[in-house]
Amino acid sequence: MHTPTERAPDSPRIPHAQQVATVALTALAPASWGTTYVVTTELLPPGHPLFAGMLRALPGGLLALAITRVLPRGDWWWKATILGALNIGALYPLLFVAAERLPGGVAATLGATQPLMVAGLAVVLLHDRPTAWRSAWGVLGAVGVGLVVLGPQARLDALGVVAGLGGTAAMAAGIVLTKRWGLPPGVGPLTLTGWQLTAGGLLLLPLALAIEGAPPRIDTGAAGGYLWLGSVGGLIASTLWFRGIGKLPVGASAPLVLLSPLVAAVIGIALGESLSLPQTSGFVLALAALLAAQLNAPNLSARVTRHRLAEAQIREARIREDQMRDDHIRQGRIR
């Protein structure tokens with residue numbers, strides 16, 4: 001286990017084909033999260049975001065604990081609580097507040113800034129300096145999502161903006177801390193997911209009862225929506241997500257969240273919406289940023305380093321030749 005002053009170990013290098021498979025599996029998580037908006041607006045009863053967040057987290061967390069039968073030990077009690085509070089307990093209600101007070105496009109654009117937040121936190125907590133390549137594509141990805149989802153009807157609400165940025169920052173911190181702390185020995189992603197969903201769900205339960213009161217009436221459509229969000233969008237997606245964070249560099253995993261607003265846009269098209277030319281351009285730009293983040297930047301610095309090393313070796317060889325010549329002159333071998 002890492003102490004607070006330790007740096008998280010770098011992600012192990014894995015074969016290219018295996019890395020592609022890891023990225024694809026990890027991407028399924030934010031892709032499934034892109035269905036949250038349509039499920040919430042079309043199937044769930046309005047006015048109970050805390051209850052929805054709790055029901056999305058707690059049953060799946062308890063199921064994961066029942067399957068793995070592993071509880072935290074030692075300092076992992078507080079670590080799991082912090083991760084659950086950030087990734088679940090804080091994220092869900094803040095994003096629901098943002099969704100209620102802001103147009104979906106504004107909220108999605110705020111969420112698209114997460115790769116930049118992750119990059120900044122990684123400098124502080126992981127001592128991992130982002131490359132100019134990934135930083136530039138992180139900015140372009142946020143711009144692309146903005147072009148897709150922002151429209152002339154977009155309005156800003158101060159509380160909604162704060163909530164949107166707060167939820168995005170909470171998840172960004174959760175990603176970096178998950179990478180920093182890793183997994184305790186003998187614990188897999190499902191176990192870690194169970195700990196976090198349970199901790200976050202337990203934090204939301206009293207808040208939902210105190211603020212929202214009695215649970216809403218759940219009809220067949222709502223039951224299906226809660227089941228989808230709690231299983232595919234909750235337990236399964238979170239397990240894939242935390243598995244991917246453990247295997248991929250933070251600079252590669254964080255931009256995958258751009259898939260959420262892109263999938264939401266695709267669902268909108270399937271429901272009859274259309275994209276304008278700027279929106280289409282933004283979609284392509286965001287998708288390009290997502291893919292580019294999975295590639296290593298052109299390593300110009302490495303080439304410069306190799307060139308300088310070669311020059312240094314040539315200088316050293318010439319110095320040795322001059323020294324040998326001087327020795328031979330002193331010994332009378334050369335006149």
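Everything numeric here is computed off the predicted structure, so don't read it as measured data.
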For the hydrophobic clusters of this structure (ILVMFWY residues joined by side-chain heavy atoms under 4.5 Å, transitively), does one cluster hold both I211 and L209? yes
Shortest non-hydrogen contact from G194 toward A64: CA-CB, 3.5 Å
Does G61 offer a backbone N or O that forms a donor-acceptor pair with the side chain of T198 under 3.5 Å? yes
Would you call M171 and N87 a side-chain contact if the rule is heavy atoms closer than 4.5 Å? yes
Which residues satisfy the side chain to side chain contact (heavy atoms under 4.5 Å, CB included) test with T191, sequence neighbours excluded? T68, V70, V187, W195
Among L125, V176, I82, find the one that has a side chain to side chain contact (heavy atoms under 4.5 Å, CB included) with W181. I82
Note: L44 and A52 closest approach over all heavy atoms is CD1-CB, 4.3 Å
Which atom of P49 lies closest to which atom of G47, heavy atoms considered: CD-C, 3.4 Å
Minimum-distance pair of heavy atoms, taken over all atoms of A222 and P45: CB-CD, 3.8 Å
Between S32 and G233 the two heavy atoms that sit nearest each other are OG-CA, 4.0 Å
Nearest 0.5 Å, what's the CG-CD1 distance between L43 and I218? 12.5 Å
Measure the spacing between NE2 of H48 and CE of M54 and express it to the nearest 0.5 Å. 11.0 Å
Give a yes or no on whether the backbone of L50 and the side-chain of E212 come within a donor-acceptor separation of less than 3.5 Å. yes
I need the minimum non-hydrogen distance between A170 and A90, along with the two atoms involved. CB-CB, 4.1 Å
Residue pair R56 / T36, side-chain heavy-atom distance below 4.5 Å: yes
Would you list the atom pairs, donor with acceptor, under 3.5 Å between side chains in residues 116-123 and any protein atom, with sequence neighbours excluded?
none

With sequence neighbours excluded, residues passing side chain to side chain contact (heavy atoms under 4.5 Å, CB included) with A85: L203
Under 4.5 Å between any side-chain heavy atoms of L202 and L58, yes or no? yes
Side chain to side chain contact (heavy atoms under 4.5 Å, CB included) partners of P59, counting only residues at least two apart: L55
Those residues at least two apart in sequence (or on a different chain) that pass side chain to side chain contact (heavy atoms under 4.5 Å, CB included) with T239 are P189, L190, T193, L235
Could you list all the ring pair (Phe, Tyr, Trp, His ring centres under 6.0 Å) pairs where at least one residue sits in residues 201-251, not counting sequence neighbours? W33-W241, F51-Y226
Any side-chain to backbone donor/acceptor pair from K179 onto L248? Under 3.5 Å, distance only. yes
Between CG of L256 and CG of L291, what distance do you get to the nearest 0.5 Å? 9.5 Å
Rounding to 0.5 Å, atoms OG1 (T35) and CG (L229) come to a distance of 6.5 Å
Side-chain heavy atoms of T168 within contact of V257, under 4.5 Å: no
With the 4.5 Å side-chain cut-off for hydrophobic clustering, are I267 and V284 part of the same group? no
Any chance you could measure I245, atom CD1, to T22, atom OG1, to the nearest 0.5 Å? 13.0 Å
Inter-residue atom distance L86.CG - T81.OG1, 0.5 Å rounding: 11.0 Å
